[in-house]
Amino acid sequence: MSFIKAYKLTFSYNGNKKIFDEISFEIHKNRKTALLAPNGAGKTTFAMLLLGFLKPYLGYLSCLEMEVQKDNIKKIRNRTGFLFQDPDSQLFMPTVFDDIALGKKQNNDNDIDVQKATMDLIDYFDLRDLKDLYPGNLSLGQKRIVAIAGIINSCVDAIILDEPSSQLDARSIKKQIDVLKRIEKDMLIISHDIDFVKKLCDDAVIIDKGKLVAEGPVKEVLDDRDMLEKHGLI
Amino acid sequence: MKQNPAVSLIALLAYIMIIVSFPKGIVISLIFFIIYPAYLLGVKKIDTIKILKQLALSSLFVIAILAGEILYSQEHVVYSGIVTTKGFLNAISLFIRYLLTISTTLIFVNSYTILEIAQGMRSLRIPDKLIYTILIQLRFADLIKEQAISLNMAKALRIKKITKDTSIAYGMLLSLFMKTYIKGNNVTLAWEMREPYRFFDRKTEMNILQLIISIVFVCSFILIRFCFLI
């Protein structure tokens, strides 16, 4: 069973230089997989393709066993959570509590259930002190954790995280890893932070200049320091 | 060689003033003025489809506004031997004016970069403060667009069914405003740090032939405006 499958995937913006050139790889279910690539190599573009925000592409691309095409995009989005690199983009409710509750409200009309599920998550992620604050006033690390809690409350099957460790200090990164480790869902972590990936992920896929460079268990892939250096990852 | 943006700016302003100065209900004379945008599209290497798309999008709003003019002014008139209503004639006249002025402006905006337009305004002795304000406003427009796209993507991912909860809409608007404001402040600071005036102080080449053509166009439009009012 695959979470994400790409076969001979080719994509370019307006027919210009190819971002992906017949790239093929598979990301398995129930694993935390990192998509590693240097800046500008198409990490976020891949996520946008997967969620149907960019089109068209050539080849085959599927998410949660559904081919990414017009008829399936809504279903894919309903079952996949996405953490934006800039979490401000996705936090738009007046309080942290309301923002985390939003996803649950979409799936459950019973207010008591929504309140309970949201409070459970708030406790689970240790956000009780922040629950009545405006999300815009939180630190970047706190915003990311609130956004992750909101995604989990949406009852999604898989989560895609775009550079979750960027611009965070060591303490916030540690907190982020603790939070993400506790989540048992299919997870794609888009990053170029090798240390973060080593501590969190099971598998890794490396792409550069439109081509697949390596794929496999994190320990095997990230042990090849020459390859990482060659592709600008260390 | 690219035409000096100042020449194009003068021609554009003259063209718009002449078009706008036509009295209500004039149609045939206005049609002559299509020559200028058609000439510009032919001479400048611009994506015509892009211009037409931008024009079509804004046309929807204009058509909605002109529908009122047609409905509320039902008095019958004879125009060039055709019996019609005053409202319909006025609406057609206004719509042609809109098409001519907006298409020419879009061609101008798509022909030059923002900095070239700023250079053009500077050679026309428009005060630096005003040019700087316009540039910052344009950057703000881009910021709003960027933020709106991100919010729209987040909405597509987070809002899975139609809801009556108005706090979502208010929250999104507040977020759009706050983020644009914060980023806009940073952009303004960065601009100040980089001394923006020196960017639009460069001289651009003056193409005499195109200048003459623009003057000929403007003169012939003035001639049509005052001699053939049909």
Side-chain angles (χ1 to χ4, degrees), chain A residues 14 44 47-48 50-54 63 73-109 111 114 134-138 143 146-156 158-160 162, chain B residues 44-54 56-57 106 109-111 113 139-190:
Chain A
N14 303 320
T44 305
M48 293 294 107
L50 211 54
L51 295 167
F53 289 114
L54 286 176
C63 181
I73 282 172
K74 203 166 176 358
K75 288 181 220 159
I76 291 172
R77 288 180 189 173
N78 282 351
R79 291 179 55 194
T80 313
F82 182 65
L83 177 75
F84 285 68
Q85 192 174 350
D86 176 4
D88 274 323
S89 302
Q90 64 195 109
L91 302 175
F92 42 67
M93 295 304 279
T95 66
V96 166
F97 180 90
D98 289 335
D99 212 284
I100 296 174
L102 179 66
K104 194 74 182 171
K105 274 186 192 168
Q106 304 286 307
N107 299 307
N108 195 326
D109 290 329
D111 274 352
V114 173
Y134 172 59
N137 292 339
L138 306 179
K143 281 178 190 171
V146 170
I148 291 167
I151 290 169
I152 292 169
N153 217 12
S154 306
C155 312
V156 292
I159 304 177
I160 300 169
D162 190 4
Chain B
K44 296 174 189 276
K45 285 168 187 160
I46 309 170
D47 183 356
T48 312
I49 303 291
K50 186 182 166 192
I51 303 274
L52 289 176
K53 275 184 187 169
Q54 289 171 339
L57 195 68
L106 285 174
V109 170
N110 283 288
S111 309
T113 64
R139 185 69 187 99
F140 261 84
D142 265 354
L143 278 178
I144 292 175
K145 190 176 145 197
E146 284 164 23
Q147 300 312 323
I149 289 170
S150 303
L151 275 172
N152 201 34
M153 276 164 53
K155 182 174 155 271
L157 289 166
R158 296 195 69 195
I159 312 297
K160 287 160 190 175
K161 65 177 184 185
I162 297 165
T163 167
K164 287 177 183 169
D165 189 354
T166 49
S167 61
I168 297 173
Y170 291 139
M172 287 179 76
L173 270 177
L174 180 67
S175 176
L176 180 66
F177 171 75
M178 294 284 282
K179 282 200 72 185
T180 310
Y181 176 76
I182 293 164
K183 280 203 173 178
N185 264 344
N186 293 341
V187 167
T188 312
L189 284 174

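Values in this document were obtained by computation on a predicted structure and should not be read as measured data. Sequence lines set the chain letters: A, B, ... in the order given, protein chains first and strands last, and positions in each chain run from 1.
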Item to complete: Report the residue from L176(B), I168(B), L173(B) that forms a side chain to side chain contact (heavy atoms under 4.5 Å, CB included) with F92(A).
Response: I168(B)
Fill in: Taking every non-hydrogen atom, the tightest pair across F84(A) and A154(B)
CZ-N, 3.7 Å
Fill in: Most contacts with chain B, counted as non-hydrogen pairs under 4.5 angstrom, among I76(A), D86(A), I73(A)
D86(A)
Worksheet, complete the sentence: Interface check, chain A: of I159(B), L174(B), L151(B), most non-hydrogen pairs under 4.5 Å belong to I159(B)
Response to the item:
One option among M93(A), K74(A), K105(A) has the most heavy-atom pairs under 4.5 Å with chain B, and it is M93(A)
Fill in: Qualifying residue, where the test is side chain to side chain contact (heavy atoms under 4.5 Å, CB included) with L157(B) and the options are L51(A), V156(A), T80(A)
L51(A)
Practice prompt. Just grab all the ring pair (Phe, Tyr, Trp, His ring centres under 6.0 Å) pairs involving residues 157-186 of chain B, residues at least two apart or on different chains.
Written response: none
Item to complete: Sort D98(A) into side chain, backbone, both or neither according to what part of it lies under 4.5 angstrom from a heavy atom of chain B.
Response: neither
Response to the item:
Shortest non-hydrogen pair, R158(B) vs G150(A), comes out as NH2-CA, 4.4 Å
Worksheet entry | Contacting region of M178(B) [heavy-atom separation from chain A under 4.5 Å] | side chain
Worksheet item: Looking at residues at least two apart in the chain, or sitting in another chain, which of them share a salt bridge (charged side-chain N to carboxylate O under 4.0 Å, His left out) with D88(A)?
Response: K143(A)
